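Note sheet for the following structure.
Bear in mind the structure is a predicted one, so any value in this text is a computation, not a measurement. Lettering follows sequence order; numbering is per chain, from 1.
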Amino acid sequence: MNSRVYAHILTALPCEAKPLIAHYRLRRRMSIVPFPTYEKDNVTLTVTGIGKVSMAAGVAFIHQLVGGIPNTAWLNVGIAGHQNHPVGSAFIAHKITDADTEKCWYPPRPFIAPCKSEVINTLSMPLAGYPETCLYDMEASAFYEIATRFSTGELVQCLKIVSDNTANPAENISSRHASTIVEAHLQTIDALLHKQQRLAEIINPDQPGWYSLACKTWRFTHNEKIQLKEIARRWQVLSPNDPPKLDEFPKSHNGKQILGLLKTHIKTQQMNLSFG
Amino acid sequence: MIETIYIEEAILHHPRTQTIVARFPKAQQITCKRYGEVFNPKSQNFRLQKRKPALILAEKYKNQVLPAPPGYGVGAKHNYYFSHMLNCLYDCRYCFLQGMYQSANYVLFVNYETFQGQIGEIAKATPEQEIHFFSGYDCDSLALEPVTGFVEAFLPVFRNHANAWLELRTKSTQIRSLLETEPLSNCIVAFSFTPEVIAKHIEHRAPSIQKRLEAMEKLQQAGWPLGLRFDPMIYQPDYQNQYQALFKKIFARLDRENIHSVSLGSFRLPEKFFTKLDRLYPQEELFAGPLEKSNGMVSYESALEQDMFEFCSEELLKYISPENFYPCTVDQ
């Protein structure tokens with residue numbers, strides 16, 4: 001699952017995480033204590049513990065841990081109860097409600113979903129029975145509410161696998177059972193993450209290589225680096241096949257002077273820009 | 001085409017809702033209390049949603065008909081606009097909708113009768129004065145006609161109020177509703193154009209110039225008043241040749257004596273909108289052009305804008321009389 005964009009998977013329980021850790025060959029970062037965190041090739045998995053507070057904290061934690069990069073892919077994977085959907089069936093959320101606050105969210109899905117979708121109702125306490133025909137869990141609303149502070153809604157998805165229903169109550173769920181039903185949907189999870197990462201790549205374009213070289217060659221202030229990023233982006237549009245000849249720029253120049261030279265070139269290119 | 005339909009609970013059983021939903025039997029229907037729950041949240045990406053927009057059916061409770069912005073008009077003293085729909089089928093890269101709305105989903109207000117009632121009241125209030133009503137501000141007026149039935153529903157209102165004029169602003173070729181009914185002298189079908197090379201590059205999903213002209217010819221033959229809207233003008237190094245060729249092509253196909261109005265406008269966006277568009281499409285060539293920020297707006301550098309305006313005005317006036325020409329200048 002190679003992508004230059006991060007994908008963050010969050011589960012509440014270790015048994016939910018287990019098959020994902022194996023599938024993606026994630027390695028535990030032992031130095032990280034508050035939440036067990038696993039990582040490989042821009043995929044992270046965090047086990048947050050049960051409940052909204054734990055999940056919200058886990059989301060914020062992993063976001064900061066990877067440097068606060070915006071608009072990455074987020075996926076909450078977990079088990080949930082439903083009145084009558086078969087145990088082992090998987091759904092992504094098309095609507096998430098918080099039972100306490102009655103807030104609602106509607107995760108946008110600008111892709112062909114790899115499985116059916118359902119409403120998720122997030123509870124603070126386990127419920128006896130299944131009053132309505134929706135999925136019941138304990139983390140999705142917090143996951144979605146907090147993750148969408150860091151990323152756009154299209155990249156934040158919840159996937160739940162039915163672990164219990166009227167005929168098979170929650171008391172009978174074992175850790176092993178939870179791992180088994182998650183494992184059965186690795187292909188679906190893979191497909192969903194892939195779609196999320198492809199979308200994330202669209203809105204997170206690569207920085208051209210000469211940007212890093214320029215930062216290493218000359219000293220730029222923080223603001224000048226922001227300007228340089230902007231210039232690099234414009235240059236990529238105006239002269240994609242003709243990067244600046246940095247070796248011709250005086251090494252003795254400061255950041256401001258280098259920006260001036262680059263801006264002058266851009267100005268002349270703007271008037272000559274033809275579509276295509 | 002539409003795979004998800006969000007429906008406000010209050011209008012689940014509205015006849016128009018039922019008709020529209022029946023057109024998309026395979027679409028997933030999701031209810032919500034108010035369309036804003038789906039449409040307004042900040043954490044949405046217009047660009048990503050444009051890949052697969054959903055349809056939101058809603059009721060508009062207030063501000064159905066609003067006074068048009070100053071300078072927006074083709075001759076009348078009193079100008080209003082109304083939007084039965086938010087967002088457009090097409091994906092023109094210069095469009096301000098990308099900067100204005102969080103979501104690219106289509107919102108369709110099914111309570112046409114409320115809009116119609118307000119239009120009627122405004123028209124009746126000053127029966128001796130011509131009042132223009134512009135549709136196509138927040139969407140293309142015709143693009144989704146087979147789904148919305150907008151033209152079919154609203155033309156009778158204007159048929160009954162001779163002082164009320166309707167402008168249908170469009171790039172669409174969905175003109176069947178118009179061809180199947182008697183033309184109205186107080187309904188202008190106004191087509192927007194940019195030169196062909198620009199249209200191909202940045203008017204994504206919109207019908208070609210050729211197709212639009214074919215539609216215009218049919219409408220003109222049927223007796224519909226037509227408008228031409230060259231707005232916004234887009235700069236290219238070869239813009240003079242491009243606009244000359246466009247005007248030549250258009251006026252070779254249409255009877256210029258029977259064009260109601262021609263308007264010309266510059267490319268300008270509020271700075272906030274432009275910043276959003278630029279972030280959505282960081283590699284867009286249009287936004288890398290010779291633009292400048294001034295007084296909260298982004299537009300072409302003033303000397304260039306002036307040159308383009310003068311050139312295009314001069315060229316257009318070779319084909320049309322000044323009485324039918326409505327240049328949208330900055331000062332208006």
Do the side chains of [X] and [Y] get close enough for a salt bridge, i.e. N-O under 4.0 angstrom?
X	Y	answer
Arg212(B)	Glu203(B)	yes
Glu118(A)	Lys160(A)	no
Lys26(B)	Glu3(B)	no

Non-hydrogen atoms of chain A under 4.5 Å away: do they reach the side chain of [X], the backbone, both or neither?
X	value
Ser103(B)	neither
Leu280(B)	neither
Leu304(B)	side chain
Pro290(B)	both
Asp278(B)	both
Leu48(B)	both

If I measure from the heavy atoms of chain B, does [X] come under 4.5 Å with its side chain, its backbone, both, or neither?
X	value
Glu230(A)	side chain
Ser151(A)	backbone
Leu155(A)	side chain

Under a 4.5 Å heavy-atom criterion, the part of residues 202-210 of chain A in contact with chain B comprises Ile202(A), Ile203(A), Pro205(A)
Here the salt bridge (Lys or Arg N to Asp or Glu O under 4.0 Å) pairs for residues 93-110 of chain B, sequence neighbours left out, are Asp91(B)-Arg93(B), Arg93(B)-Glu284(B)
Check: Can you check whether Phe46(B) and Tyr101(B) have ring centres sitting under 6.0 Å from each other?
Finding: no
query = Is the gap between the ring centers of Tyr243(B) and Phe230(B) under 6.0 Å?
reply = no
